[in-house]
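Right, one structure below, let's go through it.
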Amino acid sequence: MKNELAKTYEPALFEDDIYHLWEDSGFFNPDNLDLPANAPSYTIVLPPPNITAKLHLGHSAMLAIEDLMVRYRRQNSYRTLWLPGTDHAAIATQNMVEKKIFSETGKTRHDLGREAFLEEVNKFVAETQATILRQTRKMGASLDWSRLAFTLDEPRQQAVQRMFLDMYKEGVIYRGERIVNWCPRCHSTLADDEVEYKEQKAFLYTFKYSPDFPIAISTTRPETKLGDTAVAVNPKDERYRQYIGQEYQLDFCGQALKIKIIADYNVEMDFGTGALGVTPAHSAVDWQMAEAQSLPKIKVIDEDGLIREGFGKFSGLSAIDAREKVVASLRNQGLMIGEEEIVNNLSCCYRCDSPIEPLPSKQWFIAVDKPLSRLNGKSLKTAAIAAASGGEITFLPERFNKRYLDWMENLHDWCISRQIWFGHSIPAWYRDEEIYVGEEAPNGEGWIKDGDTLDTWFSSGMWTFSTLGWPDNFKNGVKSGDLARFHPTQVLETGYEILTLWVSRMVMMSFFALGEKPFSQVYLHGTILDKAGKKMSKSKGNGVDPLEVIAKYGADAVRLSLLMGATPGNDSRYSEEKIEAKRNFINKLWNISRFILSDLDDRFLSAPLDVLPEAKTLADSWILNELFSARSIVDSALSESNFSIAAEALYDFTWNKLADWYLEAAKVEKGKEEILVFVLKNLLIMWHPFIPYVTEAIWQSFNEGLLMVEQWPSWPEKIEGAADEPGNDFKVVQEIIVAIRNARSENKVEPARKLQALAFGPKSELLLAQASLIKGLRTGIESLLKTDAPPTEAAIKVVLGDTDIYLLGAVDPEKEKARLQKEAENLLGLIGSLKSRLENQEFIGRAPANIVQAEKDKLERYETELAKIQASLAS
RNA sequence: GGUCGUUUAGCUCAGCUGGUUAGAGCGCUGCGUUCACAUCGCAGAGGUCAGUGGUUCGAGUCCACUAACGACCACCA
């Protein structure tokens, strides 16, 4: 059963086999876990990666964190489900495939036609999806593959169609016209957050529409002024107050305009002339003014970015060409008052970088403010706000609660239709002015299906419940099956950059569909930046392929390097050195195991883990207490999602306590196998969620069961009868171990034996050596000498024979005295300030009783300590 | 323009509700290494915690302001 471990750990030799072992065990699926019926659930849905590309290091970090959360809960007897999937990422995917086809064949999607194009997309999806799933497995992710989902697969399509129909029935989904961000190149609407702003130079033109119009206006887009129906001024503006309410018929570059002067507080008096030409059809702000003032809306520019029919010589021109022509005409007429070069933000398509054209368009919307009877009169918005502000949903780090709420409170109706082919189809049918909403066409001739698709966030917003069998598992308001067992989920772990895009939508969708939150906690991780602190991106070429670093250093090293040194919500930098350091650590753990397991009798291996081995020496109780204290740090850190702190506690224990000291002790003092095996097993269990492969590999070398489902240890924080401060006491032992090693290396057998007796003999002997390292050693030595004289160099020589040189450095009386004096001074200062605080009536009056008591306790502690120090100084 | 974040050793970062001498990894310096591990060991150097002011017996930690960098949101007609 027991296999010899090689000298170094080679991840590549183990990882694939181990993953298969886990997967074949079936324990990724909570249905196969051996649990009591009332075991609590722990569910995380994997934020589905876009199928546009391979995974990058950011995904690896996400997988490492979530796998850690999930494995820890699985070892703690939760009904643990981590549900995998991928996202169809409608626009991004369509663009990617369009580009690919165009570069390969020179054809556009229109050349191919809808059906053939979608076939190409599906081919692409199948390929990248396979790659992504393979990468995910490589990371060691313990996902339940039996529940694998895709935002556009058959069950999710049904769920989406049903959601759309339900929302339409409730009047939450409606069709309306408004200004949308239109990309003339992609021929698609963009959500506000899909628009990118680019600084660019532009000309701000100041002019009058016509000679007889009293007010001059400023604009960077004179061509849109062909559609102006009003001029807005600030009602406080003295210059224009007299004109408010007046209407003018005028001729603008040969086109007739009817302009009304209106008042609006949004107009800034300091900008330009302080008067704003209102173009309702081509500016969102202007549209709102026009709605409020019932102004006509004249559409000037069409979906291709060209001037529409009916604008004389301008019709058919591109916006840019028309602009030049309008400007020229204004100059000729002497109406141009100023042309100033300014820097402004141009809205651009986040996909193709083309300038956005704001256009009025018929689109489907979700009404976020509509009160709903199913939500007791709350709207989607107010329900989503209440959940977060009432603490039903919490955020980590907390500051994102505020960001979520800010965004939610300013939320406008959500445009969900997209003019692309790849995505969820919209179950709507049109015949002339008639609209019918349903999955099948209504009876009668001439109905045409809506050719648009849904915003990708519509389907991903349903992710927590569409993956758990909604709507089949939800009848008459009662959940069943997976939905009943796993929803609401416990944690949503995702990047902070999609807090608003995704998280907020999930909350609204879940409240609408189920009347409950989708998750209790939102954990937001930061972005993985490159070594220089820049975002990794394909265009910059600074991305790192996780598979490459995994091949080089192993998945565990990659995971640990992403977990350690990273804090919630903060970005962290990637560097290969970090991974290398973690690889070294993993090898260390491997070799610790190798040392403990080599030449080990099988009877030690089979010792049950629920029986505490007997601590025979101070070193034994010390290491056990260190183990337990590490366990308790790990538990509390993990319960607060402080992954880095948890890992550091284990790291410190493993390397600085176990390897550096206890293993050294075990070399000079045999018979520690029982404790060594006990510590090792517990350590492997606790390391497993962080670095599952290497721990399982070691476990498998001497165990039959799977470490993955081994029960998390539940020892007390301390064992009875151990010294109060095992750390301090053990420093004595540590010093002696060094001396023993030195003595042995020089073949000084008898001194080594004496030292060994001192370090590992019955506890009572060493307990003489309390208080602190040096003093302890001195006391021990003194007691052995049975003399009152302070241990001089000569005296120590008597005890330790020829070993003097090994201990002299440690017992320099002068150094020790200075140290104690300094410590005494520090304590005096502290005691003084504590006393004055406790005498301060204001403090006593205001501070809560428990705090005052704590200060008193502290004072007492310091005083006791000071007395001890003073006593030893006096001696 | 609004909101938020960051600033701690040469580098990358920890540091919870203020409390004894501010920590880690990497790097650096010196010494060592057949006997679990050179993917190693031991020892060491290196910090006025961005700046200024304040609260407090006590501030890396709390407050105010300033500076640099970064992110997000809004948007310039």
Side-chain angles (χ1 to χ4, degrees), chain A residues 5 7-9 192-193 197 202 204 217-221 224-225 232 266-268 270-279 283-286 342-345 347 397 399-400 402-403 406-407 410 496-497 499-500 526-527 529 531 533-535 553 557 561 564-567 569-575 577-578 580-598 636-637 640 642 644-645 648 651-652 655-656 659-660 663-664 666-667 738 741 745 809 819 822-823 825-840 843 851 855 858 861-862 865:
Chain A
L5 301 182
K7 200 166 171 178
T8 51
Y9 172 59
D192 286 345
D193 32 50
Y197 294 93
L204 181 68
I217 57 158
S218 298
T219 183
T220 51
R221 300 202 56 192
T224 64
K225 301 290 111 181
N266 291 318
V267 180
E268 279 180 41
D270 298 335
F271 190 91
T273 60
L276 164 69
V278 180
T279 319
S283 153
V285 182
D286 295 7
I342 58 160
V343 175
N344 75 347
N345 275 331
S347 332
R399 63 173 186 272
F400 288 104
K402 188 177 173 329
R403 192 191 284 189
D406 282 350
W407 189 83
N410 293 315
Y496 62 74
E497 72 277 2
L499 174 67
T500 52
T527 309
L529 307 171
K531 211 179 165 181
K534 297 267 179 275
K535 249 186 189 166
Y553 297 103
S561 72
M564 287 182 81
T567 42
N570 291 334
D571 296 347
S572 61
R573 297 190 192 194
Y574 162 84
S575 74
E577 289 81 31
K578 281 188 194 172
E580 209 178 302
K582 302 308 180 279
R583 188 268 321 263
N584 295 352
F585 169 77
I586 284 159
N587 190 59
K588 185 78 181 183
L589 179 62
W590 176 266
N591 270 292
I592 288 168
S593 312
R594 181 165 174 248
F595 172 75
I596 294 174
L597 295 170
S598 61
S636 68
E640 291 163 24
N642 280 324
S644 191
I645 288 174
E648 275 164 34
Y651 188 98
D652 179 58
W655 205 315
N656 302 329
D660 286 353
L663 290 196
E664 295 307 320
K667 282 177 191 170
V738 172
R741 284 159 71 196
S745 72
R819 196 190 67 84
K822 198 175 174 196
E823 208 173 311
E825 269 172 46
N826 282 329
L827 282 169
L828 270 174
L830 273 168
I831 289 166
S833 59
L834 270 174
K835 271 186 177 161
S836 76
R837 181 169 208 181
L838 286 167
E839 281 160 13
N840 184 337
F843 170 72
I851 298 224
E855 299 288 275
K858 233 186 267 177
R861 252 193 355 255
Y862 291 162
E865 210 172 306

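These values consider heavy atoms only, across backbone and side chains, with no hydrogens, waters or symmetry-generated copies. By convention in this document, chain letters (A, B, ...) are assigned in the order of the sequence lines, proteins followed by strands, and residues within each chain are numbered from 1.
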| Heavy-atom closest contact (A:A637 atom, A:I645 atom, distance) | CB-CG2, 3.9 Å

If you round to the nearest 0.5 Å, how far is [atom2] of [Y] from [atom1] of [X]?
X	Y	atom1	atom2	answer
A:S644	A:N570	OG	CG	11.0 Å
A:K534	A:D571	NZ	CG	12.0 Å
A:L5	A:I596	CG	CD1	10.5 Å
A:E580	A:S575	CD	OG	9.5 Å

Whole-Å distance separating the [atom1] atom of [X] from the [atom2] atom of [N]:
X	N	atom1	atom2	answer
A:Y496	B:A71	OH	P	9 Å
A:E648	B:U12	CD	P	17 Å
A:F400	B:A71	CZ	P	14 Å
A:K578	B:A24	NZ	P	17 Å
A:D652	B:G15	CG	P	16 Å
A:Y574	B:C13	OH	C1'	17 Å
A:K402	B:C73	NZ	C1'	11 Å
A:K534	B:G70	NZ	P	7 Å

With a 4.0 Å cut-off on heavy atoms, is [X] in touch with a base, just the backbone sugar-phosphate, or nothing at all?
X	result
A:K535	sugar-phosphate
A:R594	sugar-phosphate
A:A659	base
A:S593	nothing
A:T219	sugar-phosphate

[atom1]-based separation of [M] from [N] [nearest Å]:
N	M	atom1	answer
B:U6	B:G15	P	10 Å
B:U48	B:C28	P	22 Å
B:A67	B:A74	C1'	25 Å
B:A59	B:U12	C1'	26 Å
B:C13	B:U8	P	9 Å
B:U52	B:C73	C1'	31 Å
B:U3	B:A9	C1'	33 Å
B:G41	B:C4	P	46 Å

Determine which nucleotide pairs with [N], using a 3.5 Å limit on both distances of a Watson-Crick or G-U wobble pair.
N	answer
B:U61	none
B:C35	none
B:C49	none
B:C69	B:G5
B:C16	none
B:A22	none
B:G30	B:C42

For the pair [X] (side chain) and [Y] (backbone), establish whether a donor and an acceptor sit closer than 3.5 Å, ignoring hydrogens and angles.
X	Y	result
A:T219	A:R221	yes
A:R403	A:L499	no
A:N591	A:K7	yes
A:K578	A:M564	no

| query | Which nucleotide in the list B:U39, B:A14, B:G41 gets nearest to the side chain of A:T567? | reply | B:A14

| request: Identify, between A:I645 and A:T8, the residue whose nearest nucleotide on RNA chain B lies closer to the 5' end. | output: A:I645

| remark: Between A:R583 and A:G565, the residue closer to the 5' end of RNA chain B by nearest nucleotide is A:G565

| query | How does protein contact run along nucleotides 26-32 of chain B, one letter per nucleotide 5' to 3', with B for base contact, S for sugar-phosphate only, - for none, heavy atoms under 4.0 Å? | reply | -------

| message | Protein within reach of the bases, or only the backbone? For nucleotides 5-11 of chain B, mark each nucleotide 5' to 3' as B, S or -, using heavy atoms under 4.0 Å. | response | S------

| message | Under 3.5 Å, is there a donor on one side chain and an acceptor on the other for A:S636 and A:E640? | response | no

| said: Ring-plane angle category for A:W590 and A:Y9, please: parallel below 30°, perpendicular beyond 60°, tilted otherwise. | reply: tilted

| message | The test is side chain to side chain contact (heavy atoms under 4.5 Å, CB included); show your working for A:K582 and A:Y553 and say whether it passes. | response | CA-CA 9 Å; A:K582 302 308 180 279; A:Y553 297 103; over 6 Å; no

| query | Quick one: the side chain of A:K667 and the base of B:A36, do they pair up donor-acceptor inside 3.5 Å? | reply | yes

| task | Could you tell me whether the side chain of A:K588 has a donor or acceptor atom within less than 3.5 Å of a complementary atom in the base of B:C37? | result | yes

